[in-house]
Structure formats: structure tokens, C-alpha cells
Amino acid sequence: MALTSTKEILEKAHREGYAVGAFNVNNMEILQGVIEGSQETSAPVIVAVTEGAIRYAGFDYLVAMVRVAAEEASVPVALHLDHGRDPGVIRRCIEGGFTSVMIDASHMPFEENLKATKEVVEMARPFGVSVEAELGRLKGVEDLLSVKEREATLTDPEEAERFVRETGIDFLAPAIGTSHGAFKFKGKPKLDIDRLREIKGRVGIPLVLHGASTVPPWLLELLHSYGGKLDEAKGVPPDQLREAIASGVNKVNTDTDLRLAFTVAVRKVLQESPEVFDPRKILGPARDLIKRVVMEKNRLFGSAGKAS
Ligand code: G3H
Ligand code: 13P
Ligand code: ZN
């Protein structure tokens with residue numbers, strides 16, 4: 001089928017109380033693993049590309065691949081710009097067939113974020129493209145010195161209400177204690193679920209959780225056994241992710257866990273079969289492991305079985 005509107009996919013998730021995976025893709029094997037895993041679990045899926053992915057693979061290549069993937073797929077597939085910052089790239093995505101874009105002006109002061117976001121909403125509307133924006137800051141563990149400082153980076157529910165009302169965005173990404181990458185927490189992982197509930201109650205639109213990788217211990221163990229080195233890596237515990245979804249998250253952004261799966265599979269082949277030099281034998285297993293991780297994710301998010 002053709003690409004499906006991100007809004008349609010997320011409004012259904014919002015009504016029925018589950019979340020849909022937004023998986024970052026940078027090349028064909030990652031995309032195919034994401035699509036195969038979603039088909040196998042009958043789950044709708046959001047393919048996310050960043051400005052970095054566009055620089056790496058090329059805009060036309062990525063769009064063409066995702067279009068073909070969607071046409072061949074038996075499940076709804078949406079195409080989303082993740083963390084859009086460059087207005088030129090955002091415009092190109094809106095005009096070039098993306099079903100949604102994220103404007104990430106979260107590093108700006110509130111009023112400037114609001115203004116920049118509103119401009120993107122106005123740009124996107126005539127094309128029927130939906131818009132996600134971020135409010136609050138996703139800080140890495142090493143950036144947070146005190147509890148007070150942490151509080152200041154998290155999304156203020158009152159501000160969230162005004163932000164959504166005045167910008168007209170379709171989806172909001174609040175900061176509730178996650179961060180990007182493989183090192184999310186130094187001590188005990190803790191998401192601010194009360195804050196999340198209050199935000200959901202005030203804004204009443206689909207919420208997005210960034211930095212939602214769980215960094216599965218089995219993947220980390222495999223990585224280390226094949227010579228990788230990611231000591232102290234820690235993700236969002238699956239239980240807390242489940243709670244966040246039950247409290248209003250409808251889109252779960254996942255990149256790190258796919259990167260881990262890809263790297264584990266490539267390391268395994270190279271270490272166990274030094275005679276291999278056929279790229280298909282190196283990247284094929286990476287695609288398969290990504291598929292497995294995506295299947296697990298879709299079951300955890302509750303999107304499995306929700307394709308129709
Ligand atoms: O937030 C999204 C990604 O994990 C960062 O991806 O390296 O393609 O910008 P990137
Ligand atoms: P992770 O680094 O936790 O996978 O987060 C990805 C993300 O938020 C993409 O926007
Ligand atoms: Zn993100």
C-alpha cells in the first residue's frame with residue numbers, strides 16, 4: 001500500500017491506548033529489518049530518518065526506498081523526519097512526500113521554540129503533513145549535576161498546554177527523564193510518570209517518547225562477547241516503558257537498540273567467519289537481528305496485531 005498518514009496511525013494508537021515504534025533507518029538493511037519485523041507482528045510502523053540519515057544516504061534514495069517498502073508491505077508504513085532543525089530540510093521533506101516532520105527547536109527558549117514550531121505547522125498544513133515538536137530538554141546523564149537542574153530540563157505541564165494550543169502541533173515530545181544513546185542513567189533509571197500523566201491530561205494529543213531504547217542486556221552481552229565495548233550502558237527498563245505507554249505515550253523512538261543489533265550481528269560474522277568477505281553475508285544477519293529486535297519492540301509497545 002502507499003505511505004499511510006502518521007496522524008492516522010497515531011490517532012488510532014492514542015484512542016486505543018498503545019504505542020507505535022518509530023525506528024531510525026539509515027540504509028536498506030535497517031529499513032528491511034524494520035519492515036519485516038513489523039509485518040511479522042502485524043504492526044503499523046513509522047520509519048524515521050534524521051538529517052544525518054539524509055546526509056548519509058541521500059534524500060531521494062531514502063524516500064524511494066521507503067516508498068517501495070510501503071508499497072510492498074502488508075502493514076501501514078509512515079515516513080517521518082526525526083529531529084528536523086534545518087528549515088530547508090524540513091521544507092524539502094514536507095514537499096517531498098514525508099507523512100510527518102519533527103521540528104526540534106527544544107534548545108531554544110520557550111517563546112522562540114513556539115514561534116519556530118508554529119511556522120513549521122503553517123508550512124506543513126497545506127500538504128496534509130503532520131507535525132511533532134519537542135518541549136523541554138533531553139539531557140544526557142553526564143550533563144545533569146543536580147536534582148534541581150534535572151527538574152529544570154523536564155517539560156512543564158502548564159507550558160506544554162499553552163505550547164500545544166498556540167502552535168497547533170499534532171504530536172508532542174515531552175522531556176520526562178530519558179536521553180538519547182546507550183548511556184541514559186548513571187544510577188537507578190527513573191522516568192517522571194506523574195509529569196507525563198499530567199501533560200497527557202492537559203494536551204490530549206499523542207505523546208512521543210524520545211530516547212526510549214531499552215539497551216537489552218542480552219544484546220549488550222553479545223556485543224561484549226564479540227569484542228565490542230560499551231561498559232556502563234543503560235537503557236529505559238521495559239517496565240517503565242510499559243508504564244509510560246499506559247500513561248499516554250503513543251510513539252516510541254528507537255535508534256540505539258537497532259544500532260546495537262546491527263553491530264552485534266556484523267561483529268559476530270567477522271569474528272566467527274574470518275574467511276567471509278561477501279557483504280551480503282555480513283549485512284544479511286544484521287537485517288535479521290534488527291527484524292528480531294523490532295518484533296520484540298512491537299510486542300512491548302502494544303502495536304503488534306494493530307495493523308488493521
Ligand atoms: O535521535 C536520533 C538519533 O538517535 C540520532 O541519530 O545520528 O542520525 O542524528 P543521527
Ligand atoms: P534512542 O537513542 O534511545 O534509541 O532514542 C532514539 C530517538 O529518540 C530518535 O529520535
Ligand atoms: Zn530523539
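In this text the structure is predicted, and so the values were computed from the model without any measurement. Atoms within each ligand, like the ligands themselves, are counted from 1 in listed order.
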Residue part near ligand 1, for H83, under 4.0 Å between non-hydrogen atoms: side chain
From D82, T50, D255, L138 - option closest to atom 9 (C) of ligand 2 by heavy atom: D82
Any donor-acceptor N or O pair under 3.5 Å, side chains K7, H14: no
Note: D239-R242 ion pair, threshold 4.0 Å (strictly below): yes
Carboxylate-amine/guanidinium contact E158 R162, below 4.0 Å: no
pair P189-V236: side-chain heavy atoms closer than 4.5 Å: no
Residue and atom name of the nearest protein heavy atom (relative to atom 3 (O) of ligand 2), distance in Å to one decimal: K184 NZ, 2.5 Å
Side-chain (N250) to main-chain (E16) donor-acceptor, under 3.5 angstrom: no
Numbering as shown, the atoms of ligand 2 that approach N24 to under 4.0 Å (heavy-atom distance): 9 (C)
Minimum heavy-atom distance between R85 and E51, given as atom pair plus value: N-OE2, 2.7 Å
Ligand 1 contact by R259, heavy-atom criterion under 4.0 angstrom: yes
Subset of ligand 2 atoms that lie under 4.0 Å from at least one heavy atom of T254: 4 (O)
Angle in degrees, rounded to 10°, that NE2 of H83 and NE2 of H180 form at the Zn ion (ligand 3): 100°
Identity and separation of the nearest protein heavy atom to atom 7 (C) of ligand 2: H180 CD2, 3.3 Å
Distance filter under 4.0 Å to G181 heavy atoms, resulting ligand 2 atoms: 2 (O)
Contact check: H210 vs ligand 2, nitrogen or oxygen atoms, below 3.5 angstrom: yes
Contacting atoms of ligand 2, where contact means under 4.0 angstrom from a heavy atom of H83: 10 (O)
D60 and R92 ion-paired at < 4.0 Å: yes
Close-contact set for ligand 1 against D82 heavy atoms, below 4.0 Å: 1 (O), 2 (C)
Short side-chain to backbone donor-acceptor contact, K184 and G211, under 3.5 Å: yes
Proximity to ligand 2 by part of A212, non-hydrogen separation under 4.0 Å: backbone
Shortest protein heavy-atom distance from atom 4 (O) of ligand 1, along with the residue and atom involved: D255 OD2, 2.8 Å
Of D170, I46, L207, the residue whose pairing with L10 passes side chain to side chain contact (heavy atoms under 4.5 Å, CB included): I46
Atoms in ligand 1 flagged as close to T50, the criterion being non-hydrogen separation under 4.0 Å: 6 (O), 8 (O), 9 (O), 10 (P)
T214 and K297: side chain donor to acceptor below 3.5 Å: yes
Any donor-acceptor N/O pair, S273 side chain to L270 backbone, under 3.5 Å: no
Under 4.0 Å to a heavy atom of S213 - the qualifying atoms of ligand 2, by number: 1 (P), 3 (O), 4 (O)
Nearest protein heavy atom with distance in Å, relative to atom 1 (P) of ligand 2: T256 OG1, 3.5 Å
Carboxylate-amine/guanidinium contact K12 E8, below 4.0 Å: no
Atom of H210 closest to the Zn ion (ligand 3), considering N, O or S atoms: ND1
Protein heavy-atom partner closest to atom 8 (O) of ligand 2 - residue, atom, separation in Å: G211 N, 2.8 Å
